[in-house]
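To start, the structure itself, in structure tokens.
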Amino acid sequence: MSLVSLTNVSAEVELGNGQILRTVDSVSLELEVGKSYALVGKSGSGKTSLASIVGLLNAAYTGRFIYQGTDVATLKDRNLSELRAESIGFVFQNYSLIRHLNVFENVELALMYLPDRPTPRIRKRLINHALMQVGLNARAHEFPGKLSGGEQQRVAIARALVTSPKLLICDEPTGALDTSTSTQVMAILHKLVSQMQTTLLLVTHDSELATTCDHTFVMSQGRIMHAADVMERS
Ligand SMILES: Nc1ncnc2c1ncn2[C@@H]1O[C@H](COP(=O)(O)OP(=O)(O)OP(=O)(O)O)[C@@H](O)[C@H]1O
């Protein structure tokens, strides 16, 4: 069953000189429930632009985008943000933790944005469980500045998964980590998404990392290259 279905989706930005750049060009793809997908391609090929459409962060596209059976174009801004908060988790290269909030409070943020915000008691249970899954329950009251890069990224994973999202979008999640920490972080990520049947979209430059996913999409100049195109070009 498809969680995400894009048909002929394109997006453009206006550059400072008035020129129009097509960042996503006629992309059609399906993301199945519970599967993991890598999105690879050179810098500037449009990976983040495509991921931001799939993550309901950018509604300025043309084409058809069906998310969980709903045509995204029919949703109002408020419905879009609610759907995003309850259904999609994000992990970024720079962890995006709030420095003045402790680990517990950082994870709690994801629950505070839910349309049906859980009670403090339920939040505490969910947060402790999420932190236990990433092996950081003993560090709940520390601040991000006291944690290593790998630990901070594990907090970001706990924050992204505490709402049990249907889709997890990770944009270069190991880009700031050394090889052995990257391997550990990716192992945790894959274990959790597979336990929770979460669909994973992993944006990465790293073709080795891409092999940890069920399927790889290669992007070039805003387009998804099909196997035949990739072979023709190599
Ligand atoms: N808001 C914007 N204004 C101007 N140009 C933009 C904007 N957003 C994206 N671009 C341009 O669109 C193209 C695609 O960018 P995008 O960030 O999607 O690529 P990417 O494959 O994720 O790159 P990287 O791997 O370096 O993060 C790039 O040429 C980028 O400079």
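Scope of the values below: all heavy atoms of this structure, side chains included, with no hydrogens, waters or symmetry mates.
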- Query: Are the side chains of Leu189 and Ile157 in touch, meaning some heavy atoms are under 4.5 Å apart?
  - Reply: yes
What I'd like to find out is whether the side chain of Val9 reaches to under 4.5 Å of the side chain of Thr62, using heavy atoms alone.
no
Note, Pro173 side chain near Gln93 side chain (heavy atom, < 4.5 Å): no
What one should report as the nearest heavy-atom pair of Ser220 and Met225 is CB-SD, 3.7 Å
> For the residue pair Phe217 and His215, does the interplanar ring angle fall in the parallel (under 30°), tilted (30 to 60°) or perpendicular (over 60°) class?
Replying inline: perpendicular
Report yes if some heavy atom in the side chain of Tyr113 is under 4.5 Å from a heavy atom in the side chain of Glu86; otherwise report no. no
Beyond-backbone contact of Leu97 with Val103, side-chain heavy atoms, under 4.5 angstrom | no
Taking atom CD as the centre, does Gln195 end up with more than 12 heavy-atom neighbours from other residues, nucleotides or ligands that are less than 6.0 angstrom away? yes
Quick check: are there more than 12 heavy atoms from other residues, nucleotides or ligands sitting under 6.0 Å from CG of Asp178?
yes
Between Pro165 and Ala160, the two heavy atoms sitting closest are CG-O, 3.3 Å
Is there a side-chain contact between Ile188 and Arg154, using heavy atoms and a 4.5 Å cut-off? yes
Quiz item: If only atom types and distance count, is the side chain of Thr74 paired as donor or acceptor with the main-chain N or O of Thr70 below 3.5 Å?
Solution: no
Of Val203, Thr23, Leu29, the one forming a side chain to side chain contact (heavy atoms under 4.5 Å, CB included) with Leu50 is Leu29
Heavy-atom check, side chain of Thr199 versus side chain of Leu168, under 4.5 Å: no
*asked:* Assess, by modelled atom type and distance only, whether the side chains of Asp214 and Ser36 contain a donor and an acceptor separated by less than 3.5 Å.
replied: yes
ask   = Do we see a donor-acceptor contact under 3.5 Å between the side chains of Thr212 and His190?
value = yes
For Ser87 and Tyr67, does a side-chain donor sit closer than 3.5 Å to a side-chain acceptor? yes
Short side-chain to backbone donor-acceptor contact, Glu142 and Leu147, under 3.5 Å: no
Quiz item: Between Ile122 and Leu111, is there a shared hydrophobic cluster once you connect ILVMFWY residues whose side-chain heavy atoms come closer than 4.5 Å?
Solution: yes
Exactly one of Thr204, Leu201, Leu200, Leu209 clears side chain to side chain contact (heavy atoms under 4.5 Å, CB included) with Cys170, and that residue is Leu200
Count I, L, V, M, F, W, Y as connected when their side-chain heavy atoms are under 4.5 Å apart, and connections chain through other members. Are Tyr61 and Met219 then in the same cluster? yes
- CG/Asn17: more than 12 non-hydrogen atoms of other groups inside 6.0 Å: yes
